[in-house]
Amino acid sequence: MTTFVRRYGTLVALVAIIAAFSIASPQAFGTASNLINITQQMTLLAIVAIGATVVMAVGEFDLSTASVVSFGGIFSVFLFKLGVPAPLACLAVLAAAGVFGAVSGFIVARFEVLSFITTLAVGTIIGGITFWLSNGATLFGDIPAGFRDLARGKSFGIPILTFWLIGVAIMAWLVLDKIEIGRRLYAIGGNREAARLAGVRIVSNTMVAFIASAVLAALVGMLLTARIGSASPTGGGGFLLSAYAAVFLGMTAFREGEANVPGTLVGAAIIAVVGNGLTILGVSTFMQDIITGLIILAAVLVRRTGAQGR
Amino acid sequence: MTTFVRRYGTLVALVAIIAAFSIASPQAFGTASNLINITQQMTLLAIVAIGATVVMAVGEFDLSTASVVSFGGIFSVFLFKLGVPAPLACLAVLAAAGVFGAVSGFIVARFEVLSFITTLAVGTIIGGITFWLSNGATLFGDIPAGFRDLARGKSFGIPILTFWLIGVAIMAWLVLDKIEIGRRLYAIGGNREAARLAGVRIVSNTMVAFIASAVLAALVGMLLTARIGSASPTGGGGFLLSAYAAVFLGMTAFREGEANVPGTLVGAAIIAVVGNGLTILGVSTFMQDIITGLIILAAVLVRRTGAQGR
Amino acid sequence: MTKPEPDLTLRADHAFLTLRGLKKHFGGAKALDGADLVVEAGSVHSLVGENGAGKSTLIKTLSGLIVPDAGEILVDGLPVTIAGVQHAESLGFRFIHQELSLVPYFTAVENAFIGRPYPRKGPFIDRAAMRRTIEETARSIAPDLPLDIPVGQMTTGQKQLVEIIRALIGAPARLIVMDEPTASLSDGEAARLHEAVKKMSDKGVAVIFISHRLDEVMQICDSFTVLRSGCTVGAGRIAETDRAGLVHLMSGREEVRGAAQMPAPDSPVVLRVRDVPYGSRGTQVSFDIRAGEILGLYGLVGAGRSSLMKLIWGAQPHAGGQIELDGKVLRAGRISDRIAKGAAYVPEDRRNEGLITSRSIADNLAVSQLPKVRHQAGMPWTSRRKMVERSEAVQSTLSVKMGSPWDGPLTLSGGNQQKLLFGRWFGQATRLLILDEPSRGVDVGAKAEIHALARRFAAQGAAVLMTTSDMDELMALSARVLVLASGEITAELTGDSLTPTRVIDAAFQHQTEKETQV
Amino acid sequence: TDVNILTPYMSSIPTNDMVQAFKTEGEARGWNVTVIDTRNDFAQLASRMEDTVNAKADAIVLVSTTAELIADQVALAADAGIPVISLDGAKAENVAVNVTSNNFDLGVQLSEALFTALDGKGNIVKFFHSAHPGVYQRELGLDATLARYPDINVIAEHFVQVPGPVDNGRVAMENILRQYGDQIDGVWAAFDDPGIGAELAFEAEAPESKAIIMGIDGNEQAVDMIESCTHYKMSLRQDFAGMAQIGAQQLETILAGGTAESDEIYVAAVPITVESLGVDCK
Ligand SMILES: Nc1ncnc2c1ncn2[C@@H]1O[C@H](COP(=O)(O)OP(=O)(O)OP(=O)(O)O)[C@@H](O)[C@H]1O
Ligand SMILES: Nc1ncnc2c1ncn2[C@@H]1O[C@H](COP(=O)(O)OP(=O)(O)OP(=O)(O)O)[C@@H](O)[C@H]1O
Ligand SMILES: O[C@@H]1[C@@H](O)[C@@H](O)CO[C@H]1O
Ligand SMILES: [Mg+2]
Ligand SMILES: [Mg+2]
């Protein structure tokens with residue numbers, strides 16, 4: 001029992017939180033439709049967090065994420081305004097993001113510059129480019145309906161956004177856990193020197209991780225734009241810390257100390273559920289913050305209780 | 001020569017940047033009064049960054065920094081509005097911050113929860129408290145002139161804020177480099193398990209580091225309020241990433257891979273000089289971002305060129 | 001092969017691998033200074049030399065990790081430039097590096113495949129096939145090794161076994177280089193490794209075997225090369241030399257070996273351990289160590305020796321019972337309390353538990369004794385001058401081969417790193433010395449120094465508790481031995497009953513019991 | 001003539017509109033206009049203000065911020081003889097003129113319009129952001145108006161997160177809808193962004209709802225929603241172009257050695273509604 005709690009503590013915490021809110025608000029919170037809706041609300045955060053998970057698998061941070069999300073939104077609308085057809089525009093956005101990721105990954109791995117400062121610098125540059133593309137303004141109009149449909153509406157009663165989440169999560173899980181490259185990324189993250197001694201190519205594999213993170217962030221930028229119908233040059237600002245919170249919550253969830261996709265999903269779900277539940281209960285903003293902080297602490301500590309003291 | 005560039009690369013970069021701006025704008029940038037003014041402008045960032053340096057010495061992050069800065073400003077004005085005398089109010093603010101730091105440090109060290117998620121959660125709670133104290137609004141009025149004088153005016157032609165920077169930097173440098181506790185903190189940061197087995201007390205020393213970081217952040221919150229004459233519940237938001245940028249720039253500056261006070265000062269100076277210089281040259285915001293990012297990359301890469309490839 | 005050939009370099013044309021005139025310097029230090037090595041196909045070749053002689057550096061040139069400044073490498077008589085790890089792998093070279101390099105979150109199975117082609121089912125990794133591949137090898141080398149737990153949770157010895165298995169699986173190798181593979185193995189496991197080495201060489205695989213355990217070198221190797229200060233000073237066939245000859249070539253000196261001594265019968269008890277619950281079954285242990293005594297702890301890999309020593313050191317709180325030092329009760333789980341009362345500890349895994357690699361040598365030597373390097377008593381200011389003095393004292397007493405005290409410890413060779421861990425306790429009035437594999441990876445000369453040191457501590461009235469996997473060392477230092485098996489003390493041997501055979505029997509006792517029960 | 005525009009809120013639509021409009025006005029007068037944005041960071045705003053003074057600019061325009069928040073730096077400019085004006089700010093010492101819509105009045109105007117449309121009774125949801133001094137004034141305007149409408153109830157309120165106010169408003173509205181559903185009669189948005197989010201939530205979760213949304217700014221996307229006969233019924237457009245124009249005129253006078261007309265000039269806001277846009281939603 002204690003072993004169970006220790007092993008799956010964070011998951012247990014999620015279930016407990018859902019149970020508690022369901023009891024507090026059976027009609028509004030504890031309904032199938034609300035729970036389904038939460039999956040849609042958590043999608044954007046979760047996809048950014050999955051990107052962060054891949055980068056953390058190689059033991060690095062990507063702080064350019066927020067800028068890339070904003071860039072993804074602005075650059076797509078910028079291209080629409082130029083009359084570029086939607087599919088082409090989407091490809092261009094993802095490709096540009098891929099280039100940013102490749103640059104960060106290359107600098108980090110080839111020159112062994114700390115990823116923290118590298119991605120902060122690259123993120124600042126991307127922020128500048130985004131401001132330049134948008135003139136600092138929120139862009140609205142000229143967004144094709146087909147593009148907007150990427151993130152709105154439902155199919156079989158399930159929000160389209162939820163399908164994106166499922167798709168990205170399965171892909172990332174397969175890549176990290178089921179195919180060779182995932183093992184290489186984790187080897188680099190777990191012991192870079194050992195991986196190098198074993199002949200794992202550090203530069204190219206690290207680049208792959210940063211490219212994945214950037215491409216997913218840009219995808220989120222586009223989905224956000226599709227969802228709200230406009231793009232702001234600072235629209236991605238809110239994602240960075242919450243995404244890493246989700247990853248770190250998830251690192252305590254299943255495998256100790258390793259960023260992993262199922263864990264990140266649990267982490268993102270905790271954040272989304274708490275936000276949803278507290279708003280439904282009408283808790284004031286400052287109380288929401290205090291309670292959210294306490295719940296996150298509790299969720300990571302539940303794993304720890306009973307762990308041997310030092 | 002190359003060894004010199006490699007060893008002091010980031011410092012060389014700072015000097016080069018100052019030289020370049022001085023040539024570009026001899027009347028406005030390259031004057032003694034402007035350079036002195038930069039030391040004042042960098043003070044707040046640098047003090048937050050010094051706090052971050054102490055936490056990074058034990059190998060941890062403190063992401064509650066931004067919230068504590070905001071808290072420091074709001075709580076002091078809140079106390080002034082209640083009529084609490086300034087010296088008492090300042091002590092109360094620092095003490096409260098110390099308690100926050102102690103809680104984070106204790107959770108991180110005693111339960112071995114990752115500092116990233118711990119301080120994010122604690123920061124969220126502090127943010128909630130700050131909103132509650134301020135009702136979400138920017139507070140002004142009722143700030144005693146004596147308090148405001150802590151951060152304005154000059155003495156012997158040097159801004160008062162610059163004295164704060166000098167004082168805090170010297171203190172922190174002595175603590176980290178000259179007295180015993182510093183060696184203990186670095187030992188923990190270098191190899192926590194080895195330090196523990198060598199008899200270094202992990203919990204109490206880690207708590208000291210987090211307390212230092214929180215107290216310095218709260219001090220900055222008060223100095224900020226004294227400087228601009230108001231306190232916003234989100235006023236500290238801009239400090240987090242730049243402070244860590246300064247620390248990471250500094251880690252490449254002198255001692256490889258170790259956060260250190262002189263390095264952090266160089267890092268903070270680079271950020272401040274670039275911001276000041278580009279504004280004086282009238283470079284537009286987005287171009288400022290792009291150039292700032294490139295300069296930071298160049299500053300860390302200059303250290304790396306010639307370093308053996310892998 | 002009828003007539004023995006004293007100088008193998010003369011027969012380089014028959015060799016599978018030849019290294020000629022290798023040079024490599026790090027800053028001012030010459031790690032290799034004209035080293036030669038000739039290895040015949042299917043032979044087990046021993047590379048010996050003192051700590052810092054350049055052995056590890058030499059083999060790193062073979063793995064492509066280090067590019068030599070001068071000299072050439074010939075494979076099958078043809079010169080090659082080894083461009084990197086993968087190139088070395090493609091030449092059929094496999095390596096067990098001296099410092100453990102494993103991914104802590106990965107299991108043994110996952111670690112074994114890093115950098116190797118994975119078996120696949122469609123696009124996916126075939127975990128079952130991975131496990132099957134390593135099971136076979138694991139069975140012959142280490143039947144008890146848990147394959148499915150993260151290696152971070154394993155003992156040092158178990159990790160060592162994982163490294164060995166890793167080098168043995170996969171595409172057939174032409175050369176396996178083992179840099180001190182047995183440093184943390186006890187005789188049982190080492191014997192199994194020796195068999196495996198034999199099997200490989202029978203199949204025509206060449207083995208370069210680096211070890212400071214000269215007895216095993218004599219036993220399993222065919223030929224040898226001796227390095228001194230980066231230079232080859234001798235080579236030949238093992239059959240034509242002896243242990244003393246090797247030692248002489250390595251150091252130019254003779255080997256000193258002492259004998260274990262019992263303390264005087266009336267000497268007081270220094271360490272008293274009473275009813276401390278320990279091990280998975282929570283059995284209680286009790287024992288005493290008297291002033292001047294070196295108590296040995298023996299057991300197989302994973303028997304629980306290190307855990308017991310850590311418990312006494314206060315690294316984990318114990319749930320009951322009592323530990324006393326000089327009659328004073330030690331606070332459970334409080335290391336600083338023990339240091340204050342004069343206890344000292346040398347951990348077994350120097351990289352992960354011992355050294356703070358990001359800090360200088362001087363810092364590593366001062367970290368447990370910071371008040372000793374104060375400018376002035378009572379003030380917390382640290383004196384750099386005193387730190388340097390302390391480093392110099394350690395350097396000369398233990399003959400540590402090092403540059404500046406402000407260099408990082410990773411610039412030292414493995415054996416010299418080990419000496420730093422001893423140096424940490426210099427200048428303390430030591431009452432209890434806890435040694436976990438104290439001479440792991442140190443050369444015979446330094447081993448003698450370490451032994452002399454342990455004896456000196458004991459002679460000054462300290463109690464010494466030592467674990468070693470090296471039977472010679474055990475016999476040389478301890479007149480009383482506790483044997484652990486699966487977390488329980490299975491025997492206490494002393495006097496006439498203390499013989500290597502009895503010790504090993506007791507260590508295996510539990511296992512045989514388990515087997516007979518099944 | 002070097003004119004520096006300083007603002008902490010360049011990414012907000014109204015601020016941006018105003019900055020662009022002023023830039024056009026200034027350039028037409030042959031000024032060299034530089035824009036500096038400090039992204040919500042007031043410490044930086046203070047520093048950049050000092051730099052501008054050091055660089056000896058000829059005039060400073062503060063946009064969307066209260067000069068009181070950096071009073072010392074404004075005084076520094078005054079000492080250096082550099083005129084400071086503000087747009088969308090507040091009256092303050094050393095500021096020659098503040099051209100603005102009266103934020104408190106905007107709040108009252110919005111509340112009146114919403115409550116009248118609800119016939120003086122009903123439940124409303126409030127989206128606010130008190131951290132912004134101007135937007136906070138609107139909240140005070142709401143409070144003052146509420147006192148006169150006892151039958152209007154604020155059943156839920158949400159502090160909008162910036163950056164990302166649209167999506168934040170949307171998620172909050174979705175969740176509030178779960179709890180209150182049909183009980184919601186109106187949405188009061190202190191600025192258009194969360195109102196847009198609320199409309200998106202209604203579209204997805206409660207298209208049949210009779211609730212109406214009103215906001216402030218005349219944000220393009222909000223106007224588009226009003227025009228499309230959604231729940232969005234009104235947005236108060238601040239006349240940013242007008243403010244910029246008046247501001248530029250005043251500054252021109254000051255630079256020519258004259259003085260500003262008054263220390264504060266109000267520019268009236270224009271309600272944008274279905275009627276004013278001339279669409280038929282029947
Ligand atoms: N990265 C390095 N930087 C500086 N000096 C080094 C470095 N690596 C090795 N050396 C030096 O080179 C010499 C040879 O070291 P090496 O590790 O090859 O010795 P070794 O024979 O393997 O010793 P041991 O038996 O202790 O493992 C030593 O004096 C060591 O200090
Ligand atoms: N960090 C850990 N987490 C979980 N189990 C551990 C850990 N360290 C050791 N163990 C287990 O505890 C048991 C005893 O380990 P211990 O290190 O005391 O053995 P040992 O006799 O010193 O072995 P070795 O010779 O390999 O060092 C082993 O079965 C090991 O698997
Ligand atoms: O006046 C505007 C507000 O309406 C809001 O959009 C935020 O920015 C301010 O400048
Ligand atoms: Mg070696
Ligand atoms: Mg052991």
Side-chain angles (χ1 to χ4, degrees), chain A residues 63 67 103 107 109-114 116-118 120-136 196 202-203 233 240-242 244-245 247-249 251-252 257 267 284-301 303-305 307 309-310, chain B residues 63 67 103 107 109-114 116-118 120-136 196 202-203 233 240-242 244-245 247-249 251-252 257 267 284-301 303-305 307 309-310:
Chain A
L63 301 188
S67 310
V103 169
I107 294 175
R110 175 64 183 73
F111 300 108
E112 304 194 335
V113 178
L114 297 161
F116 207 101
I117 188 75
T118 306
L120 214 49
V122 170
T124 307
I125 296 172
I126 298 173
I129 296 175
T130 306
F131 260 69
W132 174 59
L133 289 172
S134 64
N135 227 326
R196 203 167 71 82
I202 308 292
V203 177
L240 182 66
L241 288 185
S242 336
Y244 278 89
V247 178
F248 277 92
L249 267 170
M251 280 169 74
T252 58
S284 67
T285 311
F286 72 82
M287 255 306 172
Q288 285 205 17
D289 282 346
I290 295 177
I291 296 174
T292 305
L294 290 175
I295 288 178
I296 293 178
L297 280 185
V300 290
L301 279 174
R303 221 12 246 285
R304 284 316 186 153
T305 23
R310 297 220 143 144
Chain B
L63 301 188
S67 310
V103 169
I107 294 175
R110 174 66 183 72
F111 299 108
E112 305 193 334
V113 177
L114 298 161
F116 206 101
I117 187 76
T118 305
L120 213 50
V122 170
T124 307
I125 296 172
I126 298 172
I129 295 174
T130 307
F131 264 74
W132 174 59
L133 289 172
S134 65
N135 232 324
R196 191 172 78 87
I202 307 297
V203 176
L240 183 66
L241 289 184
S242 337
Y244 278 90
V247 179
F248 277 92
L249 267 170
M251 280 169 75
T252 57
S284 66
T285 311
F286 74 84
M287 253 307 171
Q288 285 207 15
D289 282 346
I290 295 177
I291 296 174
T292 306
L294 291 174
I295 288 178
I296 293 179
L297 280 185
V300 289
L301 279 173
R303 227 3 252 286
R304 285 316 187 153
T305 22
R310 293 211 150 151

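In what follows, chains carry the letters A, B, and so on, assigned in the order in which the sequence lines appear, proteins first and then strands, with residues in each chain numbered from 1.
Expressed to the nearest 0.5 Å, how far CG of B:L249 lies from CD1 of B:I295 amounts to 11.0 Å. Going from atom CZ of A:F111 over to atom OG1 of A:T118 covers 10.5 Å, rounded to the nearest 0.5 Å. Once rounded to the nearest 0.5 Å, the distance linking CD of A:E112 with CD1 of A:I202 reads 9.0 Å. To the nearest 0.5 Å, the span separating CD1 on B:I290 from CH2 on A:W132 amounts to 7.5 Å.
Contacts of A:I129 with chain B are made by both backbone and side-chain atoms, with heavy-atom separations under 4.5 Å. The part of B:L63 that comes within reach of chain A is its side chain, from C-beta onward, which places non-hydrogen atoms under 4.5 angstrom from that chain. Using a 4.5 Å cut-off between heavy atoms, B:L294 contacts chain A through both its backbone and its side chain. Heavy-atom distances place the side chain of B:L120, and not its backbone, under 4.5 Å from chain A. Contacts between A:L240 and chain B at a heavy-atom distance below 4.5 Å involve the side chain alone, from C-beta outward. Interface remark: A:I291 contributes no atoms to any contact with chain B (heavy atom separation under 4.5 Å). Using a 4.5 Å cut-off between heavy atoms, A:I107 contacts chain B through its side chain alone, with no backbone atom that close.
Using the six-membered ring where Trp is involved, A:F248 and B:F116 have ring planes that are parallel, under 30° apart on the 30 and 60° scheme.
When each of B:G136, B:G267, B:A245, B:G123 is checked for heavy-atom pairs under 4.5 Å with chain A, B:A245 comes out on top. Note: B:I117 leads B:L114, B:I296, B:I117 in heavy-atom pairs under 4.5 Å with chain A.
Considering every non-hydrogen atom in both B:P233 and B:F131, the closest pair reads CB-CE1, 4.0 Å.
Side chain of B:T124 to main chain of A:G293: no donor-acceptor pair is present (N/O by atom type, distance under 3.5 Å, no hydrogens or angles).
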